[in-house]
Amino acid sequence: PVAPSTTTGPTTAAGAPARGAARGLFIGLAAMGVLTVAKLALLSGLGESAPFLLYFWPVLLAAWYGGVRAGVATTFAAALLGAYLSMPLPPAAAGSVLGPRALAQVALFGGEGVVLTLVIARILAERRRAAGAAAEARLALDKLNVVLSGVDEGITVQDGSGRLVYANELAARLSGFASPDELLRAAPDSLAERIQLLGEDERPISRAALPGRVLFGGGTPQEKLVCWRDPEGGEQRWAVLRANAVRDEDGRILFAVNLIREVTEKRRQEQTIRLHQEWFSTAMHTLGDAVITATRDGQIMFMNPAAGELT
């Protein structure tokens, strides 16, 4: 015996639009029934055109929930029911079933219903396209976060107002925040209060001098060495800041991408070497013995005062 197939993908995919159309048609017909009862019981004095005015709502609901097929089917059902309700009672008294005006109303309603259905279908298609684009953008951003979380530089993106619109994990940690989301939620003013930036001479600097702000000011940003105190432990840290512009088709700057490369350890090593050099120089100047250092070819590199007196 042959085992029954368990593949349901194509059938399910093909059946989804049909189920949606059936659902929309059911909603449209149900709404049409409710309005018909309301017209007969409560709104009988509205005249012959009342059904055609009321039945636009069932068409709209059917098209919204069921698509084009449900909307068109509800349109024709509503046109037939509206024509029936517009007939003179009894029909023989007027000599005809529908007059020219009623026929024109049926035709006009049918055309308007189809147009309304197509408009609703277009709106829904644009909504689905926008939702798909948003989903793709979120997926791309998630992938970008995965990639940028592994780089050894902090990265932030700011708009013209100074507000951050993106930050990676390292940028958040360097700023003393637990996560990028927490950093992005912080207002620019609170960031300025939380982190005081110092220049290479360890004096406070204006944020207008930072590379990102220089970009938005129309200038050409250069690498800038800055210093700040860690908000958590008070530790002094150093970083080199760079910025690149994201421009539109007309060349206007939309965003500034800031790159933050921490150089705290390098800066400490440089300071240690400089301090040792100062200690060495001081020690050599205080020695009573003459000290001279020279290269292999005889070029003198250092001479303390005692050696200078001998020469």
Side-chain angles (χ1 to χ4, degrees), residues 4-142 249:
S5 174
T6 58
T7 302
T8 60
T11 303
T12 302
R19 288 195 301 271
R23 180 186 61 179
L25 181 59
F26 173 78
I27 292 174
L29 294 179
M32 192 165 56
V34 171
L35 292 175
T36 300
V37 173
K39 194 270 179 187
L40 294 176
L42 305 174
L43 307 174
S44 57
L46 291 181
E48 298 179 358
S49 300
F52 299 105
L53 297 176
L54 295 175
Y55 290 160
F56 274 112
W57 293 104
V59 172
L60 188 149
L61 291 173
W64 186 267
Y65 289 103
V68 174
R69 288 185 291 178
V72 171
T74 304
T75 296
F76 284 108
L80 293 175
L81 184 57
Y84 174 76
L85 295 178
S86 299
M87 288 191 303
L89 296 175
S96 63
V97 177
L98 286 177
R101 181 181 176 183
L103 290 174
Q105 287 179 333
V106 171
L108 181 61
F109 177 84
E112 290 175 344
V114 172
V115 171
L116 177 63
T117 297
L118 295 177
V119 170
I120 294 297
R122 179 61 181 271
I123 293 174
L124 293 177
E126 291 298 328
R127 286 188 60 187
R128 287 192 294 269
R129 187 177 297 111
E136 291 180 1
R138 286 193 297 269
L139 179 60
L141 182 59
D142 291 341
E249 296 177 353

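You'll find the side chain of Arg19 stays beyond 4.5 Å of the side chain of Arg23, heavy atoms only.
With values rounded to the nearest 0.5 angstrom, Thr74 atom OG1 is found 4.5 Å from Leu25 atom CG. Note: Tyr65 OH to Leu60 CG = 9.5 Å, rounded to the nearest 0.5 Å. To the nearest 0.5 angstrom, Ile123 atom CD1 is 6.5 Å from Trp64 atom CH2.
Nearest heavy-atom pair across Ala21 and Ala70 is O-CB, 3.4 Å. Nearest heavy atom pair, residue Ala77 against residue Leu29, reads CB-CD2, 4.1 Å. Contact record, Ala31 with Leu61: CB-CD1, 3.9 Å, taken as the closest heavy-atom pair. For the residue pair Gly28 and Ala62, the shortest heavy atom distance occurs at CA-CB, 3.9 Å.
Classified by interplanar angle (parallel below 30°, tilted 30° to 60°, perpendicular above 60°), the ring pair Phe109/Phe56 is tilted.
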